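The next block holds one structure in the form of structure tokens; read it before the comments.
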Amino acid sequence: MRPTDVIDVAAAAAPCGLRPATAPGPAPAAAATEGWVHSTETCGAVDGPGIRYVLFLSGCPLRCAYCHNPDTWHRHDGTLTSVADVLTDIGRYRGFIQARGGVTLSGGEPLTQPRFVKALLRGCKEMGLHTALDTSGYLGAKVDDEMMADLDLVLLDIKAFSEKTYRRLTGAELKPTLDFARRLAAIGKPIVLRYVLVPGWTDQPAEIESLAAFAARLGNVQRVDVLPFHQMGSHKWHDRGLRYRLDAVEPPSQELVDRTRELFRGAGLQVS
Ligand code: SF4
């Protein structure tokens, strides 16, 4: 979370942390739509602007080699939860996040549950909250116009910029993600582009330059976050008996991270 010097007393008193989803109580009929929730984080500081209530939904169609959360891949890894229950919990933090943050729907891949996401976004907007969607964009076609209207920001992970690298990394095709990015650009919906830098996988300068040029042309990319690969999720693969392909990969050097950020800056993008 943010340094304590930017948090007031009321905010500091609010409970924070990563919590597993709990079993739901009876849902009011008006918000009875249900979805699978892996966990929540009530004071997230890295998934969108300000302090966020972050809801991690379970289920993902991709299989990224560097995934930190393989425990979110299967929908039934989560807890079936009603929209009413989620919104009630978000409401507990409303005063706290309304002024200085908002709600981020993450995963897994939240768009594996579009009806749930749509109802949650609507409920958040009715509470006057800023909304963000953290997505690979692979299922961007599931976002209808009403959902789009209730979205303030898309945290878009473009994981690679050639079909070959993207498929090697994720097992899926790149095109749906780029189509979604172009659609967001056409309506001026803000994007924060996220790029995980993995030595030997996503560090080819020519590919990064092409992605940077694409992102700059979109015109709606507010910022690029270059995220250095790390090994903190590897134990989850081993614990589950999954074949982890990045055991021998070291995190990128600071020099490589800096060079990569410069490639995005060179295209005129703001970079963190
Ligand atoms: S899209 Fe996210 S949750 Fe899904 S496999 Fe990739 S890193 Fe993991």
Side-chain angles (χ1 to χ4, degrees), residues 18 20-21 35-41 44 46-48 52 54-79 104-114 116-117 120 132-143 151 153-181 184 191-203 207 211 224-247 249 251-252:
L18 185 65
W36 297 89
V37 176
H38 178 269
S39 56
T40 60
E41 188 175 1
V46 295
D47 293 303
R52 319 285 301 179
V54 187
L55 192 72
F56 297 92
L57 306 188
S58 53
C60 185
L62 271 50
R63 293 293 178 266
C64 303
Y66 55 61
C67 183
H68 299 156
N69 299 305
D71 50 324
T72 66
W73 284 351
H74 301 290
R75 186 176 289 197
H76 294 92
D77 290 338
T79 300
T104 299
L105 304 182
S106 183
E109 170 52 65
L111 293 177
T112 58
Q113 304 186 62
F116 192 49
V117 166
L120 290 171
L133 182 71
D134 178 11
T135 178
S136 70
Y138 180 67
L139 299 176
K142 304 257 182 201
V143 177
L151 253 182
L153 174 69
V154 177
L155 309 173
L156 184 63
D157 299 326
I158 302 185
K159 296 163 186 293
F161 199 65
S162 76
E163 280 292 347
K164 187 177 170 195
T165 308
Y166 196 88
R167 186 169 287 282
R168 178 183 178 223
L169 188 67
T170 71
E173 62 170 326
L174 170 63
K175 184 175 179 300
T177 295
L178 302 188
D179 288 347
F180 187 51
L184 295 170
I191 291 175
V192 169
L193 192 158
R194 308 220 279 193
Y195 188 75
V196 179
L197 181 62
V198 190
W201 288 68
T202 62
D203 60 347
E207 195 167 320
L211 171 57
V224 180
D225 292 343
V226 174
L227 308 171
F229 162 75
H230 60 70
Q231 288 284 8
M232 284 191 283
S234 61
H235 69 96
K236 294 186 182 178
W237 290 71
H238 298 304
D239 291 350
R240 283 164 178 72
L242 298 167
R243 188 173 76 88
Y244 183 61
R245 291 179 286 164
L246 303 186
D247 265 327
V249 178

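These numbers were taken from a predicted model, which means no experiment stands behind them. One-based numbering, in listed order, for ligands and for the atoms of each.
- When Tyr138, Trp73, Phe56 are ranked by how near their heavy atoms come to atom 5 (S) of ligand 1, first place goes to Trp73.
- Counting heavy atoms of neighbouring residues, nucleotides and ligands inside a 6.0 Å radius, atom NZ of Lys142 does not exceed 12 of them.
- Within the 4.0 Å heavy-atom cutoff, Gly107 does not count among the residues contacting ligand 1.
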Practice problem: Determine, stepwise, if the pair Arg52 / Asp47 fulfils salt bridge (charged side-chain N to carboxylate O under 4.0 Å, His left out). | Solution: CA-CA 7 Å; Arg52 319 285 301 179; Asp47 293 303; over 6 Å; no

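- The contact set between ligand 1 and Leu62, taken as ligand atoms under 4.0 Å from a residue heavy atom, comprises 5 (S).
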Quiz prompt | Derivation and outcome, side-chain contact (heavy atoms from CB on, under 4.5 Å), residues Glu109 and Thr135 | solution = CA-CA 6 Å; Glu109 170 52 65; Thr135 178; 2.9 Å; yes

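- Within the structure, the closest approach of Asn69 to ligand 1 does not fall below 4.0 Å when heavy atoms are considered.
- Counting only N and O atoms by type, the side chains of Glu207 and Tyr166 include no donor and acceptor under 3.5 Å apart.
- Shortest contact from atom 2 (Fe) of ligand 1 to any protein heavy atom: Lys159 NZ, 4.2 Å.
- To the nearest 0.5 Å, the span separating CD1 on Ile191 from CG on Leu184 amounts to 4.5 Å.
- In summary, Cys60 places an N/O/S atom under 2.8 Å from atom 4 (Fe) of ligand 1, meeting the contact criterion.
- Considering every non-hydrogen atom in both Gln113 and Ser58, the closest pair reads NE2-O, 3.0 Å.
- Here the protein heavy atom with the shortest distance to atom 8 (Fe) of ligand 1 is Cys67 SG, 2.3 Å.
- Numbered from 1 in the order shown, with element, the atoms of ligand 1 that lie under 4.0 Å from a heavy atom of Cys64 read 1 (S), 5 (S), 6 (Fe), 7 (S).
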